[in-house]
Amino acid sequence: MSKVFFRSAAAISAAILISACATAPNNPNANTDIREAQAKSEAQAESYNENEVVAAISTHLGVTSESAASAIERLFKERGRPTAYITGEEGGGALTIGARYGKGTLWMKDGRTAEVFWQGPTIGFDVGAEAGKVFTLVYGLEDPVNVYRRFPGVDGSAYLVAGMAINYQAANGITLAPVRTGVGLRLGANVGYTSYTKKRSILPF
């Protein structure tokens with residue numbers, strides 16, 4: 001009786017071990033999936049969500065939360081979550097040929113900050129003048145030092161939403177989306193560029 005019992009127990013144990021070995025590799029990419037999920041979570045932790053950007057734009061530009069939400073809705077749909085943003089002030093003007101100057105602070109999601117100056121010429125169907133605040137969403141920036149470069153304007157990207165002017169600038173995998181409001185919004189199919197620098201420059205070129 002005992003021999004039969006032990007034989008049955010051994011058979012059951014062997015069956016359980018075989019079953020475990022057979023079903024263990026159900027998902028050969030399980031570790032990969034976990035790593036990808038962790039990487040995605042870390043990437044989101046290093047970027048601003050929509051509520052954070054709405055609050056920041058509303059505070060800096062002095063607009064309602066509803067207006068700020070309307071302005072960035074399209075940005076989030078097209079570009080996703082920004083890794084940084086720039087708050088600042090600028091002034092400029094144009095009559096076909098013009099210039100723009102500004103100064104602000106770059107705010108990275110991880111807490112790093114940097115002072116930023118920008119200047120640049122504008123050429124094209126662009127008439128008007130403005131002086132006011134600007135809030136720039138920054139995409140694809142991992143190191144603050146990489147913002148110091150020339151960013152050409154993206155042709156045809158300018159549009160108005162909720163009384164705010166928005167357009168795209170891009171270079172080397174980094175995209176900037178300035179959101180402007182102020183006296184005399186300027187919008188036009190200009191082909192200018194903007195240089196972001198560590199120090200103020202008198203010449204816009």
Side-chain angles (χ1 to χ4, degrees), residues 29-90 100 102-118 120 132-182 185 187 193-198:
N29 296 317
N31 291 335
T32 301
D33 291 343
I34 292 173
R35 286 194 295 268
E36 289 179 352
Q38 290 175 338
K40 183 177 181 180
S41 177
E42 290 173 0
Q44 288 187 342
E46 297 298 324
S47 59
Y48 290 97
N49 62 43
E50 193 166 345
N51 290 334
E52 291 173 320
V53 175
V54 167
I57 288 181
S58 178
T59 300
H60 181 66
L61 297 184
V63 299
T64 65
S65 297
E66 291 77 10
S67 296
S70 297
I72 70 166
E73 182 178 5
R74 178 171 171 178
L75 292 173
F76 268 76
K77 285 182 179 179
E78 293 181 352
R79 299 288 174 176
R81 297 165 59 127
T83 55
Y85 60 76
I86 299 171
T87 56
E89 298 179 349
E90 67 176 16
R100 175 178 282 131
K103 173 186 177 182
T105 302
L106 172 73
W107 307 88
M108 300 289 292
K109 176 63 176 178
D110 61 13
R112 289 176 292 173
T113 64
E115 188 175 41
V116 182
F117 296 89
W118 60 92
K133 296 181 178 180
V134 59
F135 185 101
T136 302
L137 284 75
V138 184
Y139 300 90
L141 181 69
E142 297 181 358
D143 190 330
V145 72
N146 291 330
V147 78
Y148 300 121
R149 65 178 70 242
R150 179 181 294 182
F151 286 86
V154 178
D155 187 36
S157 69
Y159 56 93
L160 278 171
V161 178
M164 284 169 272
I166 304 171
N167 70 294
Y168 290 133
Q169 304 166 347
N172 297 91
I174 301 171
T175 300
L176 308 184
V179 181
R180 297 181 173 91
T181 183
L185 291 173
L187 269 181
Y193 58 82
T194 303
S195 295
Y196 290 79
T197 57
K198 293 182 179 180

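Values in this document were obtained by computation on a predicted structure and should not be read as measured data.
- Between Gly88 and Trp118, the shortest heavy-atom contact is CA-CH2, 4.1 Å.
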Where do Arg149 and Ile174 land on the side chain to side chain contact (heavy atoms under 4.5 Å, CB included) test, with the steps shown first? CA-CA 10 Å; Arg149 65 178 70 242; Ile174 301 171; 4.2 Å; yes
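- Distance check: Leu141 CG to Glu46 CD gives 12.0 Å after rounding to the nearest 0.5 Å.
- To the nearest 0.5 angstrom, Tyr85 atom OH is 15.5 Å from Leu176 atom CG.
- In terms of heavy atoms, Pro178 sits closest to Val134 at CB-CG2, 4.0 Å.
- With sequence neighbours left out, Arg79 forms a side chain to side chain donor-acceptor pair (under 3.5 Å) with no residue at all.
- Note that CD1 of Ile72 and CD of Glu78 are 13.0 Å apart. Values are rounded to the nearest 0.5 Å.
- With hydrogens and angles disregarded, no donor-acceptor distance shorter than 3.5 Å links the side chain of Glu73 to the backbone of Ser70.
- Here the OH atom belonging to Tyr168 is positioned 4.0 Å from the OH atom belonging to Tyr159, to the nearest 0.5 angstrom.
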Please assess Asn172 against Asn146 for the test side chain to side chain contact (heavy atoms under 4.5 Å, CB included), listing each intermediate value before the final yes or no. CA-CA 9 Å; Asn172 297 91; Asn146 291 330; over 6 Å; no
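- Taking the side chain as every heavy atom from C-beta outward, Tyr196 and Leu106 never approach each other to under 4.5 Å.
- Shortest non-hydrogen contact noted between Ser47 and Glu52 is O-OE1, 4.2 Å.
- You'll find the side chain of Lys133 stays beyond 4.5 Å of the side chain of Thr87, heavy atoms only.
- The main-chain N or O of Ala84 is never found under 3.5 Å from a side-chain atom of Tyr139 such that the two would form a donor-acceptor pair.
- When every heavy atom of Thr175 is checked against every heavy atom of Ala170, the shortest pair comes out as OG1-CB, 4.0 Å.
- Distance CG/Leu137 to CD1/Ile57: 5.5 Å, rounded to 0.5 Å.
- Taken to the nearest 0.5 Å, the CZ atom of Phe151 stands 9.5 Å off from the OG1 atom of Thr194.
- A heavy-atom distance below 4.5 Å is found between the side chains of Phe76 and Arg81.
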Quick one: do Arg112 and Asp143 satisfy side chain to side chain contact (heavy atoms under 4.5 Å, CB included)? Show the steps, please. CA-CA 9 Å; Arg112 289 176 292 173; Asp143 190 330; 4.2 Å; yes
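- Within a 6.0 Å radius of CD in Glu115, more than 12 heavy atoms belonging to other residues, nucleotides or ligands are found.
- Judged as a side-chain hydrogen bond (donor to acceptor under 3.5 Å, both in side chains), the pairs with a partner in residues 53-66 (not counting sequence neighbours) are, in order, Thr64-Ser67.
- Across every non-hydrogen atom of Ser195 and Arg150, the tightest pair is OG-NE, 3.7 Å.
- Lys109 is not listed as a side-chain neighbour of Thr83, based on a closest heavy-atom distance of 4.5 Å or more.
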